[in-house]
Amino acid sequence: MCPNVVIRYGRLISPKYGDGVSSPTVSLTGEELPNARLVSLLVFGERDVPDPQYTLFNMQWGQIMTHDMSMLAGSTQSTKHATRCCTDDGKLVSKSEAHKTCYPILIPKNDPAFSQVQIDCLNFVRTLTDQDQNCDNSHIQAEQLTVVTAFMDLSLVYGNSEQQNQPIRAFQGGRMVVVERDGYEWPPQASNATSSCEAQTRDEICYLTGDVRTNQNPGLAILQIILLREHNRIADVLQHLNPHWDDELTFQEARRINIAQYQHISYYEWLPIFLGTENMLKNRLIYKTKPGSYVNDYDPTIDPSVLNSHATAAFRYFHSQIEGRLDLISEIRSSTGALRLSDWFNRPAIIEANDNYDSLTRGHATQPEELTDINFDAEIKHFLFRMNRPFGQDLRAIDIQRNRDHGLASYNDYREFCGLRRAHDWNDFLDLISPESVAQLQSLYSTIEDVDLTVGGSLEAHVEGALAGPTFLCILTEQFFRTRVGDRYFYEEGEKDVAFSRGQLSEIRKASIARLICDNSNHIQTIQPSAFLRVSKTNELTSCSNIPIVDLSQWKDLSVPNIQYHHYKDYGLKK
Ligand code: HEM
């Protein structure tokens with residue numbers, strides 16, 4: 001048995017560990033693979049290319065979904081890891097002294113950033129696996145563990161267990177705990193602000209939510225606040241409609257509605273941008289339905305685990321969309337300033353300063369995200385979690401190193417798995433990858449079989465109508481099929497024990513990111529109807545009163561006790 005709330009990632013193709021069991025992948029030649037930072041520098045650019053269509057909220061919603069679905073075990077994410085593979089001044093800790101989970105990223109000579117400050121080593125700690133923990137040992141090859149529920153169940157808002165939920169639930173009126181400042185509601189204070197955040201004192205703002213990554217960047221924290229406020233907004237309306245409901249019923253129903261709206265926005269408003277509407281329809285990820293009709297596609301034989309290739313490679317491609325400059329935008333949509341992302345990692349207090357909560361929200365709905373391409377913003381390529389230092393970490397190098405840590409099968413293996421032609425020489429990659437990129441790969445890797453999935457998949461030309469090439473699109477499509485079909489509580493399901501009424505379902509289908517923003521900002525009055533899309537002639541700013549509302553009167557006096565709620569124990573946390 002693994003410890004509580006821990007589950008293995010799923011696999012599409014068996015891992016390719018260096019030793020066949022658990023050590024990081026090496027080249028077919030037996031040598032080390034090319035240095036991850038070098039690959040990040042030479043294969044991926046850092047040009048700032050604004051996306052012509054999509055807003056920064058498009059990127060930010062993706063991080064929310066990611067955090068809902070997986071979190072690698074043993075990682076501290078943005079805060080300093082207790083395991084030191086490099087000294088604080090960036091020197092390698094000797095093998096004999098280093099912990100066995102150390103797998104540091106070494107800095108190549110003449111590095112454009114880190115050489116300036118004599119940093120030779122970036123800390124990197126391996127993900128814990130079933131072999132490190134007391135899990136059953138039926139698996140011969142190590143499998144990494146994830147510590148959040150795989151389902152899209154807003155675990156980042158509610159936590160992953162009763163134990164995590166208890167301190168953030170108010171147990172009154174069905175509400176979640178909030179603290180009031182300046183007349184607005186904010187998440188409660190984390191008890192360990194100086195370790196969870198870059199806080200100097202315990203009183204400095206540092207949020208406690210269902211997910212420890214909440215404070216990582218301002219856009220993320222804002223969406224966490226929006227989803228938290230949405231829960232309480234729904235709970236208040238339900239209490240008003242049904243004063244006889246107790247706290248438990250109100251809480252469970254508000255949570256169910258919040259999750260349903262979020263699933264609807266994710267599948268019908270957000271995922272089509274990434275996976276393409278036609279592709280989603282064809283693969284039964286979404287349906288053309290009448291407003292109140294159900295989709296009964298739950299399949300208990302489908303494993304809803306998060307695929308290692310999805311979380312460690314494919315979904316991380318969208319790190320390319322991150323923008324290093326966060327615009328502050330007024331109600332008339334003029335700029336009032338901007339924040340540098342690396343100044344505000346893990347420092348959420350900035351959100352509550354001045355009018356920033358609204359200004360940053362408008363900014364995310366107005367400014368473009370970075371184009372989804374081979375460029376990764378310098379703020380995450382050299383300055384990730386910089387804190388007060390001149391340089392920080394490199395997220396692209398981390399992604400590549402993590403691919404090897406998890407022993408993912410090669411890009412070529414996944415091409416074949418996804419029904420593409422298996423490459424036999426470098427030229428065979430030219431069907432999907434540009435000649436310049438193939439030349440770069442050839443100069444770095446010893447053989448075509450060595451090219452990491454994270455690297456090869458990120459270089460492919462996109463499938464028309466989607467934001468990824470065919471290999472990543474195949475993995476992402478498989479994941480989001482499993483995520484819905486493997487979830488008995490998916491909001492479109494019509495099974496009587498779990499279903500919304502038809503009237504309720506047709507209301508849920510009116511949910512939108514624009515409505516969430518209108519209802520949960522401090523005083524935003526206008527928004528474009530599709531807030532993942534930039535303002536345009538076909539998506540003009542309009543009054544919030546014109547954005548469709550999910551009418552909760554459908555929940556009045558409902559005989560809810562027949563409904564089975566999705567409790568933590570149902571979350572399929574396989575032991
Ligand atoms: C400012 C925005 C973001 C920052 C700073 C950020 C940073 C990070 C960091 C530090 C990790 C852990 C890396 C590791 O140790 O292996 C991570 C993991 C990950 N990120 Fe991001 N990320 C951002 C946005 C996104 C977006 C937009 C997506 C996708 C749409 C995404 C997808 C992922 C995934 C799938 C993982 C792995 C999750 C797991 O299983 O643990 N991230 N990110």
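Note that ligands are numbered from 1 as they come in the structure, with each ligand's atoms numbered from 1 the same way. What's counted below: heavy atoms across the whole structure, side chains too, no hydrogens, waters or symmetry copies. Nothing here was measured: the structure is a model prediction, and the numbers come from that model. Starting from 1, each residue takes its place in the sequence as its number.
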Checklist entry - Can you check whether Ser75 has an N/O within less than 3.5 Å of an N/O in ligand 1? => result no

Checklist outcome for this item: ligand 1 to Ile398, heavy atom cutoff 4.0 Å, flagged ligand atoms 13 (C), 14 (C), 15 (O), 16 (O)

Next on the checklist: Looking at Asp373 and Arg47, is there a salt bridge between them, counting it only when a charged N and a carboxylate O are closer than 4.0 Å?
Outcome noted: no

Checklist entry - Relative to ligand 1, is Arg402 under 4.0 angstrom through side chain, backbone, both or neither, heavy atoms considered? => result side chain

Checklist outcome for this item: Which of Phe315, Phe274, Phe490 passes ring-ring contact (aromatic ring centres under 6.0 Å, His included) with Phe480? It is Phe315

Checklist outcome for this item: dist Cys85:SG -> Lys95:NZ (nearest 0.5 Å) comes out at 11.5 Å

Next on the checklist: With a 4.0 Å cut-off on N to O distance, would you call Arg534 and Asp51 a salt bridge?
Outcome noted: no

Checklist outcome for this item: Applying side chain to side chain donor-acceptor pair (under 3.5 Å) to Asp405 and not counting sequence neighbours gives Arg126, Thr127, Arg402

Checklist outcome for this item: Going by the 4.0 angstrom heavy-atom rule, the piece of Gln216 near ligand 1 is side chain

Checklist outcome for this item: Across all chains, not counting sequence neighbours, the side chain to side chain donor-acceptor pair (under 3.5 Å) partners of Tyr268 are Glu492

Next on the checklist: Pairs of nitrogen or oxygen atoms closer than 3.5 Å, one from Leu72 and one from ligand 1: do any exist?
Outcome noted: yes

Checklist entry - Out of Gln53, Gln321, Glu269, which one pairs with Asn58 under the side-chain contact (heavy atoms from CB on, under 4.5 Å) rule? => result Gln321

Checklist entry - Taking the minimum heavy-atom distance to atom 39 (C) of ligand 1, which of Ser70, Pro218, Ser320 ranks first? => result Ser70

Item to check | Thr146 touching ligand 1 at heavy-atom level, < 4.0 angstrom | outcome: no

Checklist entry - Looking only at heavy atoms of Arg316, does any of them come nearer than 4.0 Å to an atom of ligand 1? => result yes

Checklist entry - Which one holds for Phe385 and ligand 1: side chain close, backbone close, both close, or neither close, with close meaning a heavy atom under 4.0 Å? => result side chain

Checklist entry - So, does Phe274 sit close enough to ligand 1 that a heavy atom of it is under 4.0 Å from the ligand? => result no

Next on the checklist: Check for me whether the distance between the ring centres of Tyr491 and His264 falls short of 6.0 Å.
Outcome noted: yes

Checklist entry - For ligand 1, is Tyr9 a contact, meaning one of its heavy atoms is under 4.0 Å away? => result yes

Item to check | Phe57 ring center near Trp270 ring center (under 6.0 Å) | outcome: no

Checklist entry - For ligand 1, which atoms, with element, lie under 4.0 Å from some heavy atom of Asn217? => result 1 (C), 2 (C)

Next on the checklist: When you compare ligand 1 with His319, is there at least one nitrogen or oxygen pair between them that comes in under 3.5 angstrom?
Outcome noted: yes

Checklist entry - Do Cys474 and Cys418 have their SG atoms less than 2.5 Å apart? => result yes

Checklist entry - Where does Asp399 meet ligand 1, judged by heavy-atom distances below 4.0 Å: at the side chain, the backbone, both, or neither? => result neither

Next on the checklist: Taking 4.0 Å as the limit for heavy-atom contacts, which would you say applies to Thr66 with ligand 1: side chain only, backbone only, both, or neither?
Outcome noted: side chain

Checklist entry - Which is closest to atom 29 (C) of ligand 1 in terms of heavy atoms, Trp270, Trp61, Phe124, Phe315? => result Phe315

